[in-house]
Amino acid sequence: MAKITYVEHSGREHVVEVRNGMTVMEGARDNGIPGIEADCGGACACSTCHVYVDAAWVDKLPKKDAMEEDMLDFAWSPDPVRSRLTCQIKVSDALDGLRVQMPEKQI
Amino acid sequence: MTHIVAIGAGQAGAALVARLRSQGFDGQITLIGEEPVAPYQRPPLSKGYLLGEMGLDRLMLRSDEWYVENNITLRLGQPVESINTDSRTIWFSDNESLHYNELVLTTGSIPRRLPAAVGGDLAGVYTVRTLADVDAMRAEFQAGKRLLIVGGGYIGLEAAAVAAKLGVDVTLVEMSRRILSRVAAAETSDYFRNLHMSQGVMILEGVGLETLLGEGRVSGAKLSSGKEIPVDFVIAGVGILPTTRLAEVAGIEIDNGIKTDAQGRCSADHVWAAGDCASFPMGEGRMRLESVGNAIDQAELVADNLLGAGKDYVPAPWFWSDQYDTKLQIAGLSTGYDHIVTRGPAGDAVSFWYYQGDKLIAVDAMNDSRAYMVGKRLIESGKTADAAKVSDLSVELKSLLK
Ligand SMILES: Cc1cc2nc3c(=O)[nH]c(=O)nc-3n(C[C@H](O)[C@H](O)[C@H](O)COP(=O)(O)OP(=O)(O)OC[C@H]3O[C@@H](n4cnc5c(N)ncnc54)[C@H](O)[C@@H]3O)c2cc1C
Ligand code: FES
């Protein structure tokens, strides 16, 4: 279980508990948090689940694979360091306290 | 208060109601579904869910609380039996009725079945469309069992990959000359044929099913080649048909799907359609797409137009398929291509670029998200890509966007 803070582009915060094994995208979806669209449902095929991870967390997350890297490169306004696709990040206890920021839009 | 009713609680229905609320519609919304479950994702049904990697909880498009919080009335397990577009009323099977101000048909599609005359109604014969379909066939996926898949489209091939991974002995027959012949170039067919053969799946092309054999339950199959094979269970992946009957009986025009104008309106007033069931104008003709991306985009467009946006639908087709460790991503529509340009392979990445003359119209990218994304951007912005550059691996793909 991890407590994750999702910050909408407007600054509105949502703090929710997400179960281990779910993805950070699913945590937002299941809690009705707007800003993460996730059209492909986590297949790493749409890049509409993009967020900026809080700088302090960048190195603590499992690394991006080549596919995520490539998809992100074409997401809306990506940041080379902080951008991640939330459907590719699996939740574990180690993610407790994670903070992610939504981009202004997904595509 | 305005009451918007959507019939069909699937991908499009869910996207429609979400968009209505996010755009500020504060009237009444009812989403009606024949299936007993809230809207869920179908793609994993032939992928992670079938394999057992992904549970039911992860399949749902929205949580139950979300519908409550957004004041959306979900009526599940309640097929709509008829529509009267004059009185703007719909009826359920128990003769209960509901009045609407605006009606949206998001009824999806249904798989073609194998005819009873060739044993299609024997036990052990399945199609892959709903959660109930997959839950019913799950127990059959045991190592050593013999599965016959009829039809070499994406769903059949994905089911073959899952079965092979679980140790099932798979034979796939495709009546036309090659698998994926309806949707992809020979290059893509070759790629997936090789992939499946390397995993021990027997792929027979140019071979149809003559008849299934068995008393009560399927036990074998006679193929058009004359060969008879023993079979423990069968999956028919022989295409889908748009769910149009309800609309047709109500006098709504059908033309390879429920006919809409460019904004999603049907021939009857105050009736709209979106998703797999809808056919929309495209150039001189009409088009109907069967994909998640289309279901979402069209449903959102209809939601916006219900609120007065007056926007025309501009499809931006994309699709994906997961088989073994290969991720296929498709941008654009390949219909009408006249030649293919190949990029790669480079490691496990290869992509096939579909051209009509000089115009890039589609890209099939295997394990190459970069090719997919560049292709998608180019196609959506109406640009093309120089074939010599595409096939030259020393050219950085992103430079094609300039
Ligand atoms: C196994 C499988 C794998 C797929 N893989 C992919 C993929 O990888 N990528 C991709 O882009 N697409 C994929 N698709 C296609 C995608 O799932 C569909 O295009 C999408 O679900 C269409 O959404 P829809 O809302 O139009 O229809 P559906 O999701 O089918 O929803 C329609 C709903 O309407 C209901 N309904 C029909 N008639 C009535 C009635 N009279 N009363 C009440 N309810 C009614 C149906 O029961 C159904 O629940 C796949 C489909 C399947 C089956
Ligand atoms: S949900 Fe589509 S890429 Fe993450």
Side-chain angles (χ1 to χ4, degrees), chain A residues 1 8-10 12 14 16-50 64-78 80 83-91 102 105-107, chain B residues 11 15 18-19 21-22 40-44 47-49 53-55 57-70 291-297 300 316 318-322 325 327-331 347-349 365 367-377 380 397-398 401:
Chain A
M1 192 83 106
E8 286 185 55
H9 185 71
S10 65
R12 191 164 149 225
H14 305 258
V16 296
E17 302 257 328
V18 185
R19 260 188 305 127
N20 290 355
M22 304 292 272
T23 64
V24 174
M25 175 277 281
E26 289 165 337
R29 180 192 68 193
D30 295 349
N31 289 288
I33 300 170
I36 291 180
E37 289 165 17
D39 286 356
C40 76
C44 204
C46 71
S47 80
T48 66
C49 64
H50 169 213
K64 299 175 233 188
D65 65 11
M67 185 165 56
E68 184 184 344
E69 193 93 59
D70 285 347
M71 293 295 290
L72 275 172
D73 208 8
F74 297 90
W76 190 82
S77 197
S83 281
R84 291 297 303 255
L85 291 179
T86 46
C87 71
Q88 300 302 303
I89 310 174
K90 271 243 163 23
V91 173
M102 323 282 189
K105 54 183 183 174
Q106 288 291 352
I107 28 175
Chain B
Q11 187 88 49
R19 180 71 158 210
R21 284 297 183 233
S22 73
Y40 58 90
Q41 313 171 51
R42 293 187 200 284
K47 308 179 180 81
Y49 183 76
E53 262 176 5
M54 187 176 181
D57 54 340
R58 298 182 57 196
L59 223 50
M60 293 298 146
L61 284 166
R62 301 274 172 183
S63 64
D64 292 343
E65 298 82 54
W66 183 87
Y67 295 98
V68 177
E69 281 159 17
N70 284 278
S291 73
V292 164
N294 174 68
I296 296 173
D297 290 351
E300 292 187 344
W318 58 280
F319 193 79
W320 74 95
S321 176
D322 295 328
D325 294 328
K327 176 166 298 279
L328 164 67
Q329 294 168 301
I330 305 173
D348 63 357
N367 305 316
D368 193 345
S369 296
R370 196 158 274 275
Y372 163 70
M373 288 304 264
V374 168
K376 192 166 187 294
R377 286 268 176 96
E380 284 171 14
L397 275 176
K398 233 180 160 176
L401 292 171

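Proteins come first, then strands; the chains are lettered A, B, ... in the order of their sequence lines, and each starts at number 1.
Interface remark: B/K327 contributes side-chain atoms only to the contact with chain A (heavy atom separation under 4.5 Å). Heavy atoms closer than 4.5 Å to chain A are found nowhere in B/N70, neither backbone nor side chain. With a threshold of 4.5 angstrom between heavy atoms, A/A75 approaches chain B through N, CA, C or O but not through any side-chain atom. Using a 4.5 Å cut-off between heavy atoms, B/Y372 touches chain A through its side chain atoms alone.
Legend: side chain to side chain donor-acceptor pair (under 3.5 Å) pairs involving residues 68-78 of chain A, not counting sequence neighbours, sorted by first then second residue: A/E68-A/R84, A/D70-B/R370, A/D73-B/R370, A/D73-B/K398.
Within the 4.5 Å cutoff, the side chain of A/E37 has no heavy atoms near those of the B/I296 side chain. In this structure, B/R58 and A/T23 have side chains that are in contact, with non-hydrogen atoms separated by less than 4.5 Å. Counting heavy atoms from C-beta on, the side chains of A/C40 and B/W318 come closer than 4.5 Å.
Contact detail for B/Q329 and A/A45: the closest heavy-atom pair is NE2-CA, 3.5 Å. The minimum heavy-atom distance between A/F74 and B/R377, with the atom names listed, is O-NH2, 2.5 Å.
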Review item, side-chain donor-acceptor pairs of residues 60-67 of chain B, under 3.5 Å, at least two apart:
from, atom 1, to, atom 2, distance (Å)
B/S63, OG, A/D30, O, 3.2
B/S63, OG, B/W66, N, 3.2

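Chain B forms the most heavy-atom pairs under 4.5 Å with one residue out of A/S47, A/G32, A/A43, and that residue is A/A43.
Counting non-hydrogen atoms of neighbouring residues, nucleotides and ligands closer than 6.0 angstrom, the CG atom of B/D325 reaches no more than 12 such neighbours.
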